[in-house]
Amino acid sequence: MLVSNLIHRVWIIWVTVIAVCTCVPVPCPQDTCTMSDVKDNQCRDLDAYLKCMKSLSKKCRGDIGYHSAITVSNSEFKKKCLGHEDFSRNNSGENSQIVPSTHNACPMLFDDKKEHRFCGLFGDPHLRTFDGKYQTCRIHGAWQVIDNPFFSIMVTNDAVLNSTTATAPTKLTVMLKAHKPECTLYKLFEAQGDLQLPDKFEDSTTSSGPASSPTVSLSWRSNDPNSETVIIRLSYISTIITVTRVGKYLSISAKLPDQLAQVFDQDKNVLCSSGCPTSEQIDIKQVTISELDRGLTLCHNSIGPTGHKLTDQYLDWCVFDMMTSHDEQFINASHAAYSDVLFFEPRSLFNRTVSVFEFNPVSTAGAICIHRLNLFILTIIALYNFL
């Protein structure tokens with residue numbers, strides 16, 4: 001009996017060690033694949049880089065950064081090099097996988113069913129980053145919101161009238177970068193808070209690709225006499241961008257594939273990817289209290305276009321904006337941003353209805369911790385019953 005128990009314990013320890021060792025990730029050695037900065041040999045360098053990267057496919061199978069680099073490099077090769085004399089005559093081996101279709105169709109570059117990430121910016125201004133961080137920032141002037149090989153978004157924040165501290169988005173530019181003629185040519189969308197949102201791109205078009213299944217589409221809708229929304233869909237990269245104007249202020253939301261959300265320049269201040277610089281961030285709980293009762297009442301009692309009430313950070317941000325700007329247009333801006341979250345990322349909401357500015361607040365951070373603790377306890381109970 002003693003020997004049997006000893007063998008059983010040794011077996012459990014051995015299985016645990018194997019499981020732990022199996023779960024420890026092996027670093028992907030993709031840094032060993034490099035490209036030269038010399039532009040004269042760009043296609044040859046891209047070809048060599050792709051072959052090097054694909055030789056690491058087994059070692060880097062689960063590395064998202066590796067797959068993002070492969071996707072972007074394949075796209076660059078197809079765009080710049082398939083017509084090049086060194087590659088057009090004999091395109092065999094590794095690169096035969098990326099020969100364009102003879103049907104001249106735009107390929108889907110990302111799987112629409114896989115995980116996506118969401119980012120939004122609105123109000124004074126408030127930011128939800130791709131990795132789920134919530135920040136309130138100063139960021140006066142022009143800032144990059146998103147930047148990747150397929151599109152970029154730039155926003156300009158100006159001072160709010162009758163406020164000494166508040167700023168808000170008043171200008172916004174969405175630039176679609178040219179990617180294969182059958183996918184999209186270069187397109188530009190520009191919005192200003194003091195003008196109605198344009199219902200088309202700067203080239204007077206609203207779409208790209210076949211009429212039956214456009215790769216790019218722009219649609220405009222009126223929410224009420226003082227608010228409208230533009231929705232830009234980029235089907236070939238499984239991306240949706242919304243631009244909303246409420247009064248004289250703008251907001252932006254975007255949902256894009258997880259792999260694409262992680263492709264950005266580390267040296268740039270790209271708000272959705274890097275967040276606001278620490279020096280630009282504001283702790284809303286340290287704001288000077290001003291007309292708190294009025295702000296709480298207005299934000300609590302307000303109802304959004306879909307019949308919802310504000311919760312979580314969006315309730316806090318509404319109250320904050322009312323105290324710093326005293327402009328009720330920010331209530332509608334909060335609802336517009338909240339509607340985007342309900343559409344794009346409803347799982348991120350915890351439905352907290354008590355603001356951090358009220359007595360004994362239950363913060364979203366606390367809600368997240370409680371949620372995770374509950375999941376942990378349920379997991380332990382399930383394992384205990386199973387064993």
Side-chain angles (χ1 to χ4, degrees), residues 35 37 39 42 46 64-80 109-110 115-122 125-133 135 137-157 169-180 183-191 201-202 208 215-216 218 230-244 250-281 340 344-345:
M35 282 185 59
D37 294 330
K39 294 186 177 180
Q42 192 171 26
L46 266 172
I64 292 176
Y66 166 80
H67 290 290
S68 297
I70 285 282
T71 300
V72 174
S73 299
N74 269 336
S75 173
E76 286 294 300
F77 186 88
K78 285 188 286 185
K79 182 168 63 175
K80 296 178 179 178
L109 301 178
F110 296 92
E115 185 177 352
H116 283 57
R117 298 208 179 194
F118 167 75
C119 177
L121 179 77
F122 81 100
H126 309 294
L127 173 69
R128 184 191 187 277
T129 64
F130 282 138
D131 56 358
K133 294 178 182 175
Q135 299 174 347
C137 314
R138 297 181 182 87
I139 57 172
H140 189 278
W143 290 77
Q144 197 84 46
V145 180
I146 297 176
D147 186 36
N148 60 53
F150 303 101
F151 69 93
S152 65
I153 300 174
M154 180 78 75
V155 68
T156 300
N157 298 286
T170 56
K171 296 178 185 177
L172 190 139
T173 301
V174 179
M175 183 182 72
L176 307 187
K177 302 174 184 179
H179 178 75
K180 296 172 65 74
C183 292
T184 185
L185 302 175
Y186 171 85
K187 290 186 180 295
L188 192 67
F189 177 84
E190 292 187 308
F201 293 107
E202 290 249 317
S208 280
T215 55
V216 174
L218 183 152
V230 162
I231 302 175
I232 301 173
R233 299 178 185 269
L234 312 176
S235 64
Y236 62 103
I237 54 173
S238 185
T239 294
I240 302 178
I241 302 166
T242 65
V243 180
T244 300
L250 301 172
S251 67
I252 182 80
S253 295
K255 184 176 182 179
L256 50 152
D258 179 78
Q259 291 179 345
L260 183 55
Q262 297 190 49
V263 179
F264 66 98
D265 189 339
Q266 299 278 357
D267 296 327
K268 292 183 179 179
N269 283 320
V270 183
L271 297 179
C272 283
S273 302
S274 308
C276 299
T278 305
S279 60
E280 296 290 326
Q281 294 181 29
D340 284 344
F344 286 128
E345 196 68 17

query = How far apart are the C-alpha atoms of I146 and N148, what are their side-chain angles, what is the distance that settles it, and do they pass the side-chain contact (heavy atoms from CB on, under 4.5 Å) test?
reply = CA-CA 7 Å; I146 297 176; N148 60 53; 3.8 Å; yes
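- If you take CG on L176 and CZ on F151, they are separated by 8.5 Å, rounding to the nearest 0.5 Å.
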message = Let's go through L271 and I139 carefully: what are the C-alpha distance in whole Å and the side-chain angles of both, what is the deciding distance for side-chain contact (heavy atoms from CB on, under 4.5 Å) to 0.1 Å, and is it a yes or a no?
response = CA-CA 10 Å; L271 297 179; I139 57 172; 3.8 Å; yes
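- Going from atom CG of L127 over to atom CZ of F122 covers 10.5 Å, rounded to the nearest 0.5 Å.
- Taking all atoms of both residues into account, the shortest heavy-atom contact from F150 to L109 is CE2-CD1, 3.5 Å.
- Among residues two or more places apart in sequence or in another chain, the side-chain contact (heavy atoms from CB on, under 4.5 Å) test is passed with S273 by F130, F264, V270.
- Interatomic distance, CD1 of I241 versus CD1 of I231, reported as 11.5 Å (0.5 Å rounding).
- Minimum interatomic distance between K177 and D147 (heavy atoms only, all atoms of both residues): NZ-OD1, 3.1 Å.
- One distance of note links NE2 of H140 with CD of E280; it measures 10.5 Å at 0.5 Å rounding.
- Q281 and C276 make their closest contact through NE2-O, 2.8 Å (heavy atoms, listed as atom of the first residue, atom of the second, distance).
- Aromatic ring orientation, Y236 versus H179: parallel (interplanar angle below 30°, classes split at 30° and 60°).
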Q | Candidate pair V155 and I252, rule side-chain contact (heavy atoms from CB on, under 4.5 Å), full reasoning | A | CA-CA 9 Å; V155 68; I252 182 80; 5.7 Å; no
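- L234 contributes atom CG, which lies 8.5 Å from atom OG1 of T215 (distance to the nearest 0.5 angstrom).
- For I240 against R233, the heavy-atom pair with the smallest separation is CD1-NH1, 3.3 Å.
- Each of T129, L256, L260, D131 was checked for a side chain to side chain contact (heavy atoms under 4.5 Å, CB included) with R117, and the lone residue meeting it is D131.
- In this structure, K187 and F201 approach most closely via the heavy-atom pair CD-CD1, 3.7 Å.
- Within the model, atoms CH2 of W143 and CG of L121 stand 11.5 Å from one another, a figure rounded to the nearest 0.5 Å.
- In this structure, D340 and S253 approach most closely via the heavy-atom pair OD2-OG, 2.7 Å.
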